[in-house]
Structure formats: C-alpha cells, structure tokens
*Asks:* 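First the structure, then my questions, so here it is.
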Amino acid sequence: MTTPQDIIRHDVLAMTSYPVPDATGYIKLDAMENPFSLPPTLAAHLGEHLAGVALNRYPAPRPEALIEKIKRTMGVPAGCDVLLGNGSDEIISMLSIACAKPGAKVLAPVPGFIMYQMSAKLANLEFVGVPLNSDFTLDTEAMLAAIAEHQPAVVYLAYPNNPTGTLFNDADMERIIAAATKSLVVIDEAYQPFAQRSWLPRADAFDNVVVMRTVSKLGLAGIRLGYLVGKPAWLNELDKVRPPYNTNVLTQAAADFLLDHVDVLDSQAAKLRDERTKLADAVAQLPGAEVFPSAGNFLLVRVPDASILFETLLTSRVLVKNVSKMHPLLANCVRLTVGSPDENAQLLAALKLVLH
Ligand SMILES: *Cc1c(COP(=O)(O)O)cnc(C)c1O
C-alpha cells in the first residue's frame with residue numbers, strides 16, 4: 001500500500017502548516033484584525049440581505065455589479081480592470097501559477113509578507129529575498145542590482161510592508177518600477193486603510209504595475225475577499241488560472257452590501273489610526289522598547305528579549321506575534337496589532353510587567 005511519503009512532493013513533506021495559534025480566551029493581537037464589530041442594526045440588515053442569497057446556485061464567476069461597485073468605491077482608474085480573489089492570498093497564488101515558467105523567479109524585500117515566498121515555492125518558482133536596510137527602508141541599490149541579476153518575473157512591494165510597517169519611499173519605488181522592465185511589479189496595499197497613501201490612482205500609469213488590495217484589514221477578514229487592479233492585458237491572463245467559482249455567493253453578497261456602508265469601516269480605520277499613535281507613544285515610553293514607524297494597524301517593536309516578552313504576554317492572556325526568528329533584521333522584535341482602546345490598555349499593562 002502506498003503512503004503519503006511516496007506520493008507527496010519532498011518539499012511539501014518537509015513543510016509545516018501555516019501556524020495559526022488557538023486564541024480562545026486571549027486578547028487577539030497577532031493577526032491585524034479589526035477589533036470592532038459591525039453596528040447591530042447594520043449587522044441585522046446584512047443578515048436580511050444574506051438571507052435572500054440563492055445558496056443553491058454557483059456564484060457568478062465575474063460578478064459585474066460588485067466589480068463596478070469596487071471600481072466606484074475605491075476609485076479604480078478608468079483604464080484598469082478588477083480581478084477578485086478568495087483573499088489576496090489567492091491572488092498571490094494565481095500570480096505564481098501564471099508566471100511559473102521554468103526558471104522564473106519572484107523577488108521581494110525581506111523581511112516581508114511570508115506568502116510571496118511560500119506561494120512562489122509551491123509553484124516551483126525561485127524566491128529571491130533582498131534584505132531591507134536595518135531601519136527597514138528599501139535598500140534601493142540592492143533591489144536594482146538583484147533585479148538586474150535575476151530578471152524576476154514578479155516583484156512584490158508591500159505598501160506598507162508587513163511585518164515592519166514601513167511605508168517605502170515613493171521615489172525609491174519609482175526607480176524600481178522603472179528598472180523592472182522585464183517584471184510585473186505587484187504593489188500590495190493590504191494596509192491601505194491605515195496608510196492612506198496609495199498607488200491605485202496611478203495603476204494605469206505604468207505598463208508593468210498592478211495594485212493588490214484586500215478587505216481583510218479593513219474589518220472583513222472573515223469573508224475572504226481580495227482584489228487586483230491593473231490593465232486588462234495583465235488581468236485577462238491571470239483570470240485564466242482563477243478557479244472559476246473562487247469567490248462564494250455569501251462573500252459577494254456581503255461585500256456588495258457593505259460597500260454601500262464603507263463609511264462605517266472607514267471610521268473604524270480612522271479610530272485605529274488614532275489608537276496606533278497613542279499606543280506607539282505609550283510603548284516608546286517603556287524602558288528598552290524601540291518602536292518603528294508604522295503605516296499599518298500594527299507596530300513592530302524591538303525589546304531586550306522577545307521570547308520572555310511573548311511568554312509574559314501569554315500569561316496575561318494577550319496574544320501577539322513574535323517575529324524575531326523570521327529574519328536576522330528582526331532580532332528580538334514582536335509585532336503588536338493595534339486593538340480597541342480597552343485591548344490596547346491591557347496590552348500596555350502586560351508590557352509593563354516586562355519593560356520597567
Ligand atoms: C494580511 C496581508 C495580506 C493577505 O490578505 P488576505 O486578503 O486576507 O489574504 C496580503 N498582503 C499583506 C502584506 C498582508 O499583511
């Protein structure tokens with residue numbers, strides 16, 4: 001009888017599943033979720049709206065009304081189209097699959113979003129990570145040299161970057177875009193609600209740029225909806241590798257309904273930007289804590305001992321992300337998601353147990 005070890009790829013056998021710790025009973029500040037729920041009346045109306053959805057039918061493969069609403073609401077330039085994904089994670093997979101010619105490479109600054117690398121490797125693409133400067137700004141010269149050397153098919157630039165929170169310099173990014181004439185540059189704007197700066201209005205100004213967004217960090221992580229904005233010449237090809245019914249009817253209906261109430265989510269994001277400033281100031285006061293500037297709904301903080309801090313927070317029932325083993329540049333760094341005022345107060349109290 002055969003075993004999985006006989007059949008499954010060696011590199012897959014050697015992998016571990018993407019770790020998602022059980023957060024039951026914890027203050028969950030590890031995954032950049034929006035801590036606020038929908039106002040009860042809005043949630044009730046959403047429920048009525050979803051009750052009318054035909055669950056017996058397959059979803060529309062390209063839901064035109066929803067796509068038009070995304071274009072209008074988010075200000076997608078006229079020359080651009082929109083491709084939907086089951087989260088932007090799926091869009092990253094589509095990019096990998098579509099670009100996986102023999103020998104093709106994917107390049108991104110590191111430390112960065114882990115899915116660029118994971119997805120590339122699963123599609124047998126080589127991943128080239130270019131270290132950031134120690135202050136987490138782009139090492140533009142190193143990026144340009146690596147692009148010239150490796151001629152990557154895809155270059156990812158997260159704007160702002162996760163887990164560092166850095167909003168890369170626009171002029172540096174323009175130099176990279178200009179040099180990457182043989183690449184597709186994917187600007188990942190997962191945290192746009194907290195950065196407020198965007199390349200989306202210029203998505204039609206370049207022939208080698210697409211802009212990726214998601215509703216996850218805006219407050220809808222549970223519905224799994226990401227979208228890619230770019231010229232039809234790119235999106236039409238990527239659409240061919242999209243699983244036909246990738247966004248489900250409930251996701252489509254919930255997004256369609258909530259985009260009419262996006263002001264609610266926008267004001268939650270504004271509140272979180274405010275909380276980010278307060279939390280950053282408070283953490284910076286703690287002895288031994290170095291807070292890096294963040295344009296996301298999280299803070300990267302360097303502490304004297306990230307393991308001890310992580311464990312102490314756990315005993316206080318606060319779950320954060322210890323990123324210190326992800327990359328040498330992140331030594332003794334933890335990533336704190338900005339929560340509600342109450343959650344942030346409890347986080348701060350727990351931090352003071354270690355940093356005093
Ligand atoms: C969270 C995150 C995403 C993933 O978003 P989903 O739409 O939830 O799959 C993409 N890019 C970055 C940089 C992220 O941090």
Side-chain angles (χ1 to χ4, degrees), residues 28-35 88 108-117 129-140 143 156-170 172-173 186-199 211-214 216-219 221 268-286 288-303 306 309-310 313 318-340 343-344 347-348 351 355:
K28 195 172 184 309
L29 300 175
D30 67 331
M32 282 78 88
E33 291 146 322
N34 173 341
S88 33
V110 289
F113 187 46
I114 202 74
M115 292 309 294
Y116 308 147
Q117 176 168 3
V130 181
L132 294 167
N133 294 315
S134 59
D135 63 355
F136 304 122
T137 55
L138 277 175
D139 185 343
T140 311
M143 286 290 289
Y156 285 99
L157 293 170
Y159 188 82
N161 189 42
N162 170 17
T164 63
T166 329
L167 198 64
F168 296 143
N169 179 281
D170 287 351
D172 290 345
M173 286 175 61
V186 181
I187 301 179
D188 181 351
E189 295 193 346
Y191 297 96
Q192 180 274 333
F194 312 101
Q196 296 183 285
R197 294 179 60 88
S198 177
W199 287 75
V211 176
M212 189 166 68
R213 291 267 190 95
T214 175
S216 292
K217 284 26 187 246
L218 185 60
Q268 292 179 346
K271 176 92 189 134
L272 289 168
R273 293 196 300 269
D274 211 42
E275 284 299 311
R276 173 182 67 199
T277 308
K278 289 184 196 155
L279 185 64
D281 290 348
V283 176
Q285 300 292 316
L286 301 177
E290 182 185 4
V291 182
F292 293 93
S294 173
N297 60 340
F298 59 90
L299 297 175
L300 186 76
V301 182
R302 178 166 284 130
V303 296
L309 183 118
F310 179 78
L313 292 186
V318 178
L319 183 64
V320 299
K321 182 103 171 172
N322 181 359
V323 296
S324 54
K325 298 281 157 19
M326 267 182 64
H327 191 275
L329 286 170
L330 294 174
N332 279 319
C333 286
V334 292
R335 191 189 62 196
L336 316 173
T337 301
V338 177
S340 66
E343 290 172 332
N344 297 336
L347 167 64
L348 209 52
L351 287 171
L355 307 170

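Note that the structure is a prediction, hence the values are computed from the model and not measured.
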*Asks:* For Leu313, run the side-chain contact (heavy atoms from CB on, under 4.5 Å) check against Val334, Asn322, Val320 and tell me which one passes.
*Replies:*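 Among Val334, Asn322, Val320, the one meeting side-chain contact (heavy atoms from CB on, under 4.5 Å) with Leu313 is Val320.
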*Asks:* For the residue pair Gly165 and Phe298, what are the closest heavy atoms and their distance?
*Replies:*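 Shortest heavy-atom contact: N-CE1, 3.4 Å.
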*Asks:* I would like to know whether Ser198 and Glu189 meet side chain to side chain donor-acceptor pair (under 3.5 Å); could you show each step before the answer?
*Replies:* CA-CA 7 Å; Ser198 177; Glu189 295 193 346; 2.7 Å; yes
*Asks:* Within this structure, what is the NZ-CG distance for the pair Lys321 and Asn162, rounded to the nearest 0.5 Å?
*Replies:*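 Lys321 NZ to Asn162 CG: 9.0 Å, rounded to 0.5 Å.
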*Asks:* Can you name the closest pair of heavy atoms from Leu300 and Cys333 and give their distance?
*Replies:*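 Scanning both residues, the minimum pair turns out to be CD1-CB, 3.9 Å.
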*Asks:* Val323 vs Phe310, test: side-chain contact (heavy atoms from CB on, under 4.5 Å). Steps then yes/no.
*Replies:* CA-CA 10 Å; Val323 296; Phe310 179 78; over 6 Å; no
*Asks:* Between CG of Asp30 and CZ of Arg335, what distance do you get to the nearest 0.5 Å?
*Replies:*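 Interatomic distance, Asp30 CG to Arg335 CZ, rounded to 0.5 Å: 7.5 Å.
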*Asks:* Not counting sequence neighbours, which residues clear side-chain hydrogen bond (donor to acceptor under 3.5 Å, both in side chains) with Asn169? List them please.
*Replies:*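 By the side-chain hydrogen bond (donor to acceptor under 3.5 Å, both in side chains) rule, Asn169 matches no residue at all.
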*Asks:* Return yes if some donor-acceptor pair links the side-chain N/O of Arg197 with the main-chain N/O of Leu167 below 3.5 Å, else return no.
*Replies:*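 Answer holds: no.
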*Asks:* Would a distance-only check, ignoring hydrogens and angles, find a side-chain to backbone donor-acceptor pair under 3.5 Å from Asn34 to Leu218?
*Replies:*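 Confirmed, Asn34 side chain pairs with Leu218 backbone.
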*Asks:* Taking the side chain as every heavy atom from C-beta outward, state whether Leu279 and Leu347 have any atom pair closer than 4.5 Å.
*Replies:*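 Sidechains of Leu347 and Leu279: in contact.
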*Asks:* Please find the pair of heavy atoms, one from Ile187 and one from Met173, that lie closest to each other, and give the distance.
*Replies:*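 Minimum heavy-atom contact is CD1-CE, 3.9 Å.
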*Asks:* Let me confirm one number: the CD-CG distance from Glu33 to Asn297, rounded to the nearest 0.5 Å.
*Replies:*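 These two atoms lie 9.5 Å from each other.
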*Asks:* Going through the distances and angles, do Asp135 and Phe292 end up as a side-chain contact (heavy atoms from CB on, under 4.5 Å)?
*Replies:* CA-CA 8 Å; Asp135 63 355; Phe292 293 93; 5.7 Å; no
*Asks:* If I compare all heavy atoms of Leu132 with all of Leu329, which pair ends up nearest, and what's the gap?
*Replies:*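 That closest heavy-atom pairing would be O-CD1, 3.3 Å.
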*Asks:* What's the shortest heavy-atom distance between Ala31 and Thr337, and which atoms?
*Replies:*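 Shortest heavy-atom separation between Ala31 and Thr337 comes out as N-OG1, 3.4 Å.
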*Asks:* Donor-acceptor pair, Asn133 side chain versus Leu138 backbone, under 3.5 Å?
*Replies:*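 Yes, the answer is positive, given that a donor and an acceptor are paired below the 3.5 Å cut-off.
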*Asks:* For the backbone of Ala331 and the side chain of Arg302, can you confirm whether one donor and one acceptor N or O come within less than 3.5 Å of each other?
*Replies:*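 A pair under 3.5 Å: yes.
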*Asks:* Can you tell me how far apart CE (Met32) and CG (Leu272) are? Round to the nearest 0.5 Å.
*Replies:*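 With rounding to 0.5 Å, CE (Met32) is 13.0 Å from CG (Leu272).
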*Asks:* Where do Asn161 and Pro111 come nearest, in terms of heavy atoms and distance?
*Replies:*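 Closest approach of Asn161 to Pro111, heavy atoms only: ND2-O, 3.0 Å.
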*Asks:* Could you label the plane-to-plane angle of the Tyr116 and Tyr156 rings as parallel, tilted or perpendicular, counting under 30° as parallel and over 60° as perpendicular?
*Replies:*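 Aromatic pair Tyr116/Tyr156 classed parallel.
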*Asks:* When rounded to the nearest 0.5 angstrom, what is the spacing between NZ in Lys278 and CZ in Arg276?
*Replies:*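 Spacing of NZ (Lys278) from CZ (Arg276) equals 13.0 Å.
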*Asks:* Just verifying a value: how many Å separate Leu286 CG and Leu348 CG, rounded to the nearest 0.5 Å?
*Replies:*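 Reported value, rounded in 0.5 Å steps: 6.0 Å.
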*Asks:* Short question: side chain of Thr166, backbone of Phe136 - any donor-acceptor pair under 3.5 Å?
*Replies:*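 Judged by distance alone, yes, a pair lies under 3.5 Å.
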*Asks:* Is the backbone of Gly339 close enough, under 3.5 Å, to the side chain of Asn344 for a donor and an acceptor to pair up by distance?
*Replies:*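 Checked: pair present.
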